[in-house]
Amino acid sequence: MTTERRPDAAASAGAYPGAAAIPQDIDWSGDLPVLAVRDELIAAVRAHQVVIVAGETGSGKTTQLPKICLAAGRGRTGMIGHTQPRRIAARAVASRIAEELKTQVGAGVGFKVRFSDQTATQTYLKLMTDGVLLAELGQDRLLRAYDTIIIDEAHERSLNIDFLLGYLRTLLAKRPDLKLLITSATIDVERFSRHFAGAPVFVVEGRSYPVETRYRPVSLEAAASSEDEGFELIEEAIPRAVVEAVEECLQHERAQGRSARGDILVFSSSEREIRLLADTLRKYGPPHTEILPLYSRLSVAEQQKVFERGSGRRIVIATNVAETSLTVPNIHYVIDPGFARISRYSYRSKVQRLPVEAVSQASANQRAGRCGRIAPGVCIRLYSEADYLARPEFTDPEIRRTNLAAVILQMQVLGLGDLERFPFLDAPDSRLVNDGFRLLEELGAVDRQRRITTLGRQIARLPLDPRLARMVVAAAPLGALHEVLVIVAALSVQDPRDRPHDKQQAADERHAQFRHPDSDFLFFVNLWDVLAAQKGELTERERREFARKHFLSWLRLREWRETWRQLVQLCEGLKLPMNREPAPYEAVHRALLTGLLSQIAHKGDDREYQAPRNQKALVFPGSVLARKGPPWIMAAELVETHRVYLRLAAKIEPEWAEKLAGDLLKRSYSEPHWERRQGRVVAFEQTSLFGLVLHARRKVNYEPVNRAEAREIFIRDALVAGDIDLKAAFFRHNRELIAEVERLEDKTRRRDLLVDEETLYAFYDERVPEDVASLKTFEDWRHRVEKEQPGHLCLSREQVLAKAADDGTAHDFPDTLRVAGHDLPLRYHFEPGHEADGVTLLLPAGLVQEVPEAVLEWLVPGLLGDRVEALLRGLPKALRRQLVPLPDTVASVLQELGPQMPGAQQGRPQGAGGKAPESLLAALGQALLRRGVRVGASDWAG
DNA sequence: TTGTGGTGT
């Protein structure tokens with residue numbers, strides 16, 4: 001780790017001690033192509049602010065350019081900063097150049113990568129990763145620590161490089177004293193030149209041997225009949241073609257009469273395909289040949305085999321790791337099927353995809369170049385020349401195919417303004433930019449106006465993916481910072497688990513003891529606890545042994561620990577308190593969920609999960625949840641390969657997501673209605689997040705949702721309909737008033753006496769304030785208002801009566817009927833067709849015998865008219881005709897019948913005990929007879 | 001039933 005640190009560069013620009021350490025004489029020995037143009041380069045550096053140097057591997061540009069800069073007088077007012085895409089390269093280049101300049105690494109020449117700063121005050125040449133230079137922008141906006149900057153391997157076009165090239169272009173005007181050198185493979189250098197106002201380009205020969213390219217297109221005859229051509233190609237046709245190509249290499253070697261065997265490098269697109277090719281080659285390939293897989297995730301020991309020279313011939317089957325990151329020694333032949341997995345972020349599905357694609361011409365050439373380093377080589381391409389020529393010249397730069405949230409956030413912090421106008425070499429797709437902002441908004445790092453928030457600044461200060469940084473910030477208040485830092489550190493380095501192909505089961509068994517049944521994340525916490533406990537107890541040797549036995553990569557464990565340590569320090573700076581007690585599951589996972597809101601999924605049929613935006617996904621088979629499948633999960637990654645996989649997952653409760661989602665949560669309401677028991681208006685709420693329904697039908701108080709509508713429902717269904725438990729005088733009064741009118745309606749067999757509901761609604765609507773929509777708010781208001789106006793809510797008789805009812809009602813429709821000396825209650829009901837329609841005498845069983853039927857025929861005075869009219873209408877036509885106009889006859893007959901009603905003299909009908917009453921039909925018959933119409937008993941209908 | 005390769009305040 002760091003021993004010395006430079007003082008603040010900007011403040012000490014005048015007192016830069018590196019210049020004094022620069023050697024007087026530079027050793028130019030060594031036979032490197034770049035030295036042929038050394039003097040021109042020195043002159044160019046002096047004359048131009050920007051110089052582009054294109055050269056292939058072996059040109060010596062990486063080691064000689066810094067020296068050329070020194071010779072051109074650079075490094076005198078600030079360091080020469082020299083960036084590399086990879087840490088390993090930064091270290092290696094630093095030690096090579098330190099040796100050539102006869103200084104020590106960490107003295108005149110230093111390097112700085114994550115976790116290791118080997119620079120000193122006298123350092124005049126600083127190797128670093130491009131990520132480090134970017135990070136330094138935070139403290140040193142004008143890069144005053146440097147008077148020269150070399151961006152190496154610019155053709156790789158990583159996000160870091162593209163950002164740096166854009167930033168440096170803006171910086172050149174502000175720092176006229178700054179020199180910039182850009183090196184690249186000999187591809188597309190004109191683009192770089194144009195980007196920097198026509199900077200001069202030097203093309204330096206690589207020192208490599210000629211490579212003969214042979215095109216051997218894969219025969220797809222066998223695949224033609226297959227339904228899945230891609231499958232056929234990868235599973236059968238390519239392995240077959242590779243076997244043939246290997247044979248061709250061996251034939252070539254025999255024809256050359258070479259004594260030493262040459263190794264063969266086969267490019268492959270994935271671990272799976274490597275296995276497939278390896279199996280095929282072991283079966284059908286040449287005997288006595290070592291087959292070596294090579295890919296980044298391979299354990300260190302297995303990778304190391306590639307660099308240990310064995311005795312026999314070797315065939316190395318490698319992913320793209322061998323195209324840029326690792327140089328496989330002794331390669332005379334390259335076999336290139338022409339495919340690679342390319343990471344592409346889909347702004348539409350918000351998913352990282354890893355499709356297998358045909359590689360670009362640039363990539364194919366880079367692959368071919370891998371066999372021309374020690375001798376003339378042969379590259380066999382398993383595709384046609386026409387295919388090659390039809391391919392894109394260059395691989396899409398990363399900025400065109402990745403999520404841009406981190407870059408956007410960085411630019412916001414640096415105040416670089418509008419990303420759309422930033423001078424990128426290739427402008428990012430605006431849809432990717434929008435999606436980057438969308439993610440930042442989801443994380444709360446920017447607001448709706450896309451301005452960075454306080455939270456965003458905290459996130460930006462952590463050297464983490466924004467999602468992971470968000471988790472860290474959330475963890476402290478939840479008392480789960482310790483666990484979350486352990487997890488986040490693990491997620492930001494390579495998985496420390498080794499899983500050698502031939503010992504998969506053993507590895508899985510060893511790893512199983514650290515598993516948590518519901519969460520892949522807690523694996524890391526469990527493992528961490530065990531490793532932490534060992535620190536005081538076991539020697540390093542014992543701990544290494546433990547790691548080995550448990551299929552854990554010591555190197556990656558160290559990276560994990562160092563990342564964690566760095567994060568712990570930063571959290572202290574951010575004043576995020578560390579928990580001492582272990583955090584419960586919920587706290588840890590709520591914190592994680594803050595960064596993974598758009599990566600939740602809901603269990604569907606079978607093992608399939610429904611992920612956001614209507615996507616089907618599967619839990620990655622290595623997860624503890626792969627078999628179990630709880631209803632709701634979140635995943636650290638959502639990657640599409642053969643399927644969409646949810647990798648590193650944990651069980652969650654949908655309520656956690658609901659609470660965290662804020663404005664992202666969509667709520668819809670249905671069926672708002674009054675609930676008497678709750679005394680309020682409720683509705684069913686449906687919540688959803690990114691199209692996933694978190695809760696389908698939850699009963700909620702509707703008042704805060706839509707107060708106006710809730711109030712209307714409250715007035716209509718509670719106050720007007722009377723469906724409310726109110727012990728209030730006004731309410732009893734109003735109910736009684738309404739009941740009275742309703743009784744009147746029943747008696748008079750009409751439905752137009754009570755005012756309609758709208759009128760009653762209007763009455764309350766006028767009085768009840770806007771903010772009253774429930775029993776409680778209503779009562780609170782009523783108690784206040786009735787102190788001033790006690791009758792404020794009382795309806796008057798006029799207000800409930802639609803028309804004035806006549807005053808004869810009490811006589812015409814008595815409430816009781818006097819029968820056999822008893823006042824018996826009468827019930828009125830107006831509902832034609834109903835059993836109880838009309839008037840009903842409630843007769844105790846004991847009195848049944850005492851009531852003459854004749855009494856009942858007469859009904860009550862108010863109904864007698866209708867009854868008589870009905871009887872007359874029921875007469876045979878011949879009789880009826882003599883009674884027209886019927887209404888007149890009814891009116892005049894009633895005049896006579898009225899006084900004859902039972903009990904009419906006393907004002908009340910009478911039953912047995914008085915004079916026996918005459919039957920209605922008899923009385924009516926008499927009345928009609930007086931009008932000259934004789935009605936027989938059989939003439940009465942029914 | 002399984003993922004290309006890097007980088008960091």
Side-chain angles (χ1 to χ4, degrees), chain A residues 83-90 112-117 128-140 153 156-164 267-275 294-298 318-326 339-344 352-357 359 363 366 395 398 401-402 406-407 409-410 413-414 457-466 468-469 489 492-495 499 501 504 508 559 562-563 566-567 569-571 573-574 606-608 618-623 625-627 637-648:
Chain A
T83 72
Q84 290 291 319
R86 281 164 290 279
R87 284 190 235 162
I88 240 185
K112 182 177 171 188
V113 297
R114 190 175 196 180
F115 310 129
S116 184
D117 183 354
M128 65 196 125
T129 53
D130 33 40
V132 164
L133 184 60
L134 261 184
E136 287 185 356
L137 283 179
Q139 280 73 54
D140 183 7
E153 315 281 7
E156 289 196 12
R157 302 294 306 276
S158 67
L159 213 46
N160 284 348
I161 287 170
D162 273 18
F163 189 14
L164 275 175
F267 280 98
S268 185
S269 56
S270 65
E271 181 181 341
R272 190 177 124 81
E273 196 190 314
I274 288 174
R275 298 283 159 215
L294 179 65
Y295 48 93
S296 179
R297 284 276 307 130
L298 205 60
T319 59
N320 256 359
V321 75
E323 191 181 306
T324 48
S325 305
L326 291 176
F339 294 101
R341 274 199 195 277
I342 308 281
S343 170
R344 291 191 184 275
Q352 185 199 355
R353 305 181 58 235
L354 281 171
V356 174
E357 294 182 1
V359 300
S363 175
Q366 185 78 15
T395 311
E398 198 182 0
R401 54 186 171 85
T402 194
V407 177
L409 192 61
Q410 193 98 50
V413 170
L414 293 172
R457 291 191 188 282
Q458 287 181 297
I459 289 173
R461 282 187 61 184
L462 295 164
L464 292 167
D465 174 275
L468 300 184
S492 66
V493 300
Q494 286 191 324
D495 196 317
R499 199 162 177 267
H501 188 249
Q504 288 187 350
D508 290 347
E559 287 266 292
E562 285 185 337
T563 305
Q566 185 186 29
L567 294 176
Q569 277 173 10
L570 285 164
C571 286
L574 288 169
D606 201 20
R607 277 188 194 159
E608 209 161 59
L618 287 181
V619 175
F620 197 72
S623 167
L625 301 182
R627 281 155 198 280
E637 289 174 1
L638 204 56
V639 182
E640 182 182 334
T641 52
H642 295 281
R643 301 273 319 251
V644 179
Y645 286 106
L646 298 150
R647 203 182 144 266
L648 292 170

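Proteins get letters first, then strands, A, B, ... in listed order; numbering begins at 1 in each.
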Whole angstroms only, please: what is the [atom1]-[atom2] distance between [X] and [N]?
X: A:Asp130; N: B:dT7; atom1: CG; atom2: C1'; result: 7 Å
X: A:Leu326; N: B:dG6; atom1: CG; atom2: P; result: 7 Å
X: A:Gln352; N: B:dT2; atom1: CD; atom2: P; result: 18 Å
X: A:Leu468; N: B:dT9; atom1: CG; atom2: C1'; result: 15 Å
X: A:Gln366; N: B:dG5; atom1: CD; atom2: C1'; result: 13 Å
X: A:Glu273; N: B:dT2; atom1: CD; atom2: C1'; result: 15 Å
X: A:Gln494; N: B:dG6; atom1: CD; atom2: P; result: 7 Å
X: A:Leu464; N: B:dT9; atom1: CG; atom2: C1'; result: 10 Å

- Message: Quick check: any donor-acceptor pair below 3.5 Å linking the side-chain of A:Arg627 to the base of B:dT1?
- Response: yes
- Message: For A:Arg86 and A:Thr324: C-alpha separation, side-chain torsions, deciding distance, then whether side chain to side chain contact (heavy atoms under 4.5 Å, CB included) applies.
- Response: CA-CA 10 Å; A:Arg86 281 164 290 279; A:Thr324 48; 4.1 Å; yes
Please classify the nucleic acid contact of [X] as base, sugar-phosphate, or nothing, using heavy-atom distances under 4.0 Å.
X: A:Leu462; result: base
X: A:Arg461; result: base
X: A:Glu398; result: base
X: A:Ala406; result: nothing
X: A:Val321; result: sugar-phosphate
X: A:Glu637; result: base
X: A:Glu156; result: nothing
X: A:Leu137; result: nothing
X: A:Asp508; result: nothing
X: A:Ile342; result: nothing
X: A:Gln504; result: nothing

When you get a sec, tell me which of [options] is the closest nucleotide to the side chain of [X]?
X: A:Ser343; options: B:dT9, B:dG5, B:dT4; value: B:dT4
X: A:Arg607; options: B:dT9, B:dT1, B:dG5; value: B:dT1
X: A:Tyr645; options: B:dT2, B:dG8, B:dG6; value: B:dT2
X: A:Pro621; options: B:dG8, B:dT2, B:dT4; value: B:dT2
X: A:Ser296; options: B:dG6, B:dG8, B:dT1; value: B:dG6
X: A:Arg499; options: B:dG8, B:dT2, B:dG6; value: B:dT2
X: A:Phe620; options: B:dT4, B:dG5, B:dT2; value: B:dT2
X: A:Arg87; options: B:dG6, B:dT4, B:dG8; value: B:dG8
X: A:Pro463; options: B:dT1, B:dT9, B:dG5; value: B:dT9
X: A:Asn160; options: B:dT4, B:dG5, B:dT7; value: B:dT7

- Are A:Ser296 and A:Gln494 side-chain neighbours, meaning at least one heavy-atom pair lies under 4.5 Å? yes
- Looking only at atom types and distance, does a side-chain atom of A:Arg401 sit under 3.5 Å from a main-chain N or O of A:Ser343, one as donor and one as acceptor? yes
- Message: Tell me if a side-chain donor or acceptor on A:Arg341 pairs with a main-chain N or O of A:Leu354 at a distance below 3.5 Å.
- Response: yes
How long is the span from the [atom1] atom in [X] to the [atom2] atom in [Y], to the nearest 0.5 Å?
X: A:Thr563; Y: A:Leu468; atom1: OG1; atom2: CG; value: 11.0 Å
X: A:Thr641; Y: A:Gln352; atom1: OG1; atom2: CD; value: 10.0 Å
X: A:Leu409; Y: A:Arg461; atom1: CG; atom2: CZ; value: 13.0 Å

- Whichever of A:Arg401 and A:Leu570 has the more 5' nearest nucleotide on DNA chain B, that residue is A:Arg401
- Check the surroundings of atom CG in A:Leu574: do more than 12 heavy atoms from other residues, nucleotides or ligands lie under 6.0 Å from it? yes
[X] side-chain N/O to [N] phosphate OP1/OP2 under 4.0 Å:
X: A:Ser158; N: B:dT7; value: no
X: A:Gln566; N: B:dG8; value: no
X: A:Arg114; N: B:dG8; value: no

